[in-house]
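This report concerns only the one structure given below.
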Amino acid sequence: MFKHTVLEYCEPDLQRILNNWVSWLQNEKQLSKHTLRAYISDLSDFLEFLSNHHASALSIQIVSSANLSDFRSWLSKQAVNGSSNASRARALSSLKNFLTWMDRQGIAHNAAVGGMRSPKIPRKLPKALEENQAFRLLDDMPNSTWIEKRDKALFTMLYGCGLRIEEALQLNIKDLPKNGFVQVKGKGNKERFVPFLSKIDEALEDYRENCPYPEDKDRALFIGAKGRRLKQGVAQKAMRDIRKQLLLPDTLTPHALRHSFATHLLQNGANLREIQELLGHASLSTTQIYTDMNFDELQKIYKKAHPRA
């Protein structure tokens, strides 16, 4: 929720509306905690800027009547403070979300924000592993303690199923695969079925047999040293330690395993529609970036191998 220092800029009616918007993001849109924090932080920054600009407490009327000059000055201030194009584009998106929500709720209408263009963002290609690097990670990573077996099972699942890290960590024992598929709840609470390979099953069985904590259907599948659901930060640190030990690239993260899953499927003949379904992308355009990535790899091979390149 909004910090008390932010709400001090706002009159009571606006405070109530801000809290209602956050509840809507949580309950209706079901945003991840990370995305929700970003939205709140972005809007807080704009409210602080607008309050300083008007030298007064903010009302619904002041926010709804903000004009292009206000929006541009706010983004310019962010740029001067070192904010990247991507960060400013996200901030503007957060503000538009709030103002659009107010409009749809019949609270207030802001006509100017629709005229704001988002800063251009360079299109970044995902950082995928080469196939031999992915195999080396899963074959050579430590596998002695139950914690190491847990990490191997988790990373094998991320690469073998193309899951987001939060999708894997929210699985419970009752969600274990049935008939060769695992049911996953992705962004926006959308469910999908992903094929489950025998290699993943083997790694999971090894971890579960050695885990010291008892199982019941509602227990988290991946747990930490104290028996509670494993946190993303712990998994990310484990990956950092492993990649140093195995001399793998710094771009290797849990999310890079998802990118590697999609890239390797494409390189081995899968089509974009199939990959879109497996990844749980709402739009094919999101999946299409892997086509660019594959062309980039082909160009490297061509330039290296062609005698006239």
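FYI, side chains are in, hydrogens and waters are out, and symmetry mates aren't considered; it's all heavy atoms of this structure.
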If hydrophobic clusters are built by linking Ile, Leu, Val, Met, Phe, Trp and Tyr wherever their side-chain heavy atoms come under 4.5 Å apart, do F193 and L171 end up in the same one? no
Given 3.5 Å as the limit, does a donor-acceptor pair link the side chain of D201 with the main chain of F196, or not? no
Check the pair V63 / L50 against side-chain contact (heavy atoms from CB on, under 4.5 Å), numbers first and verdict last. CA-CA 8 Å; V63 174; L50 201 60; 4.3 Å; yes
So does S260 get a backbone contact from the side chain of H264, meaning a donor-acceptor N/O pair under 3.5 Å? yes
Side-chain contact, heavy-atom cut-off 4.5 Å: L47 with L18? yes
Go through T263 and L129 one step at a time and tell me if the side-chain contact (heavy atoms from CB on, under 4.5 Å) criterion holds. CA-CA 9 Å; T263 302; L129 295 174; over 6 Å; no
Euclidean distance, E166 CD relative to K185 NZ, rounded to 0.5 Å: 13.5 Å
I'd like to check K237 versus R240 (side-chain heavy atoms, cut-off strictly below 4.5 Å). Are they in contact? yes
Within the distance-only criterion (no hydrogens, no angle test), does the side chain of N81 pair as donor or acceptor with the backbone N or O of K77 below 3.5 angstrom? yes
Any side-chain heavy-atom pair from D45 and W74 closer than 4.5 angstrom? yes
Short side-chain donor-acceptor distance under 3.5 Å, R150 and N210: no
Taking atom types as modelled, find out whether N20 and W101 have a side-chain donor-acceptor pair closer than 3.5 angstrom. no
Is a side-chain donor or acceptor of D241 paired with a backbone partner of A238 at a separation under 3.5 angstrom? no
Any non-hydrogen side-chain atom of P195 less than 4.5 Å from a side-chain atom of L278? yes
Verify the cluster assignment for V113 and L68: are they in a single hydrophobic cluster under the rule of side-chain heavy atoms below 4.5 Å apart? yes
Can you confirm if the aromatic rings of F98 and Y39 lie within a centre distance of less than 6.0 Å? no
Between N67 (side chain) and S69 (backbone), is there a donor-acceptor pair under 3.5 Å? yes
Minimum heavy-atom distance F261-L158, with the two atoms named: CB-O, 4.5 Å
Backbone of S59 reached by a side-chain donor or acceptor of E11 within 3.5 Å: no
Nearest non-hydrogen partners of L197 and G160, listed with the distance: CD1-O, 4.3 Å
One pair to check against salt bridge (charged side-chain N to carboxylate O under 4.0 Å, His left out): E167 and R192. What are the steps and the verdict? CA-CA 11 Å; E167 292 172 345; R192 70 184 189 278; 2.9 Å; yes
Nearest heavy atoms of E148 and N143, plus distance in Å: OE1-N, 3.6 Å
When every non-hydrogen atom of G224 is compared with those of W146, the smallest separation belongs to O-CH2, 3.4 Å
Can you tell me how far apart CZ (R228) and OH (Y213) are? Round to the nearest 0.5 Å. 8.5 Å
Could you tell me which non-hydrogen atom of S73 sits nearest to which non-hydrogen atom of F49, and how far apart they are? CB-CZ, 3.5 Å
Can you confirm whether more than 12 heavy atoms, excluding those of K178, are under 6.0 Å from its NZ atom? yes
Donor-acceptor check, side chain of R243 to backbone of D250, threshold 3.5 angstrom: yes or no? yes
Using a 3.5 Å distance criterion without hydrogens, assess whether the side chain of R219 forms a donor-acceptor pair with backbone atoms of G227. no
Closest non-hydrogen atoms of N268 and E131, given as atom of the first, atom of the second and distance, are ND2-OE2, 2.9 Å
To the nearest 0.5 Å, how far apart are CZ in F71 and CG in L92? 8.5 Å
State, yes or no, whether a side-chain contact exists between L75 and M116 at a heavy-atom distance under 4.5 Å. yes
Assess the residue pair V22 and L36 against the criterion (side-chain contact (heavy atoms from CB on, under 4.5 Å)); give the C-alpha distance rounded to whole Å, side-chain angles, the decisive distance to 0.1 Å, and a yes or no. CA-CA 8 Å; V22 172; L36 183 64; 4.3 Å; yes
Given side chains that start at C-beta, do those of I200 and V182 come closer than 4.5 Å, heavy atoms only? no
Value rounded to 0.5 Å, distance of CD1 in I223 from CD1 in I173: 8.0 Å
pair L257-L137: side-chain heavy atoms closer than 4.5 Å: yes
Does any N or O in the side chain of K152 come within less than 3.5 Å of the main-chain N or O of P142, such that one atom is a donor and the other an acceptor? no
What residue among R37, R88, R90 forms side-chain hydrogen bond (donor to acceptor under 3.5 Å, both in side chains) with D42? R90
Point-to-point distance, once rounded to the nearest 0.5 Å, from CG of D151 to CZ of F222: 9.5 Å
Flag side-chain contact, heavy atom, 4.5 Å: K217 against N172: no
Quick one: NE2 on H255 to CD on Q236, what's the gap to the nearest 0.5 Å? 11.0 Å
Could you walk me through whether L204 and L176 pass side-chain contact (heavy atoms from CB on, under 4.5 Å), step by step? CA-CA 10 Å; L204 266 180; L176 284 166; 4.0 Å; yes
Donor-acceptor check, side chain of S51 to backbone of S56, threshold 3.5 angstrom: yes or no? yes
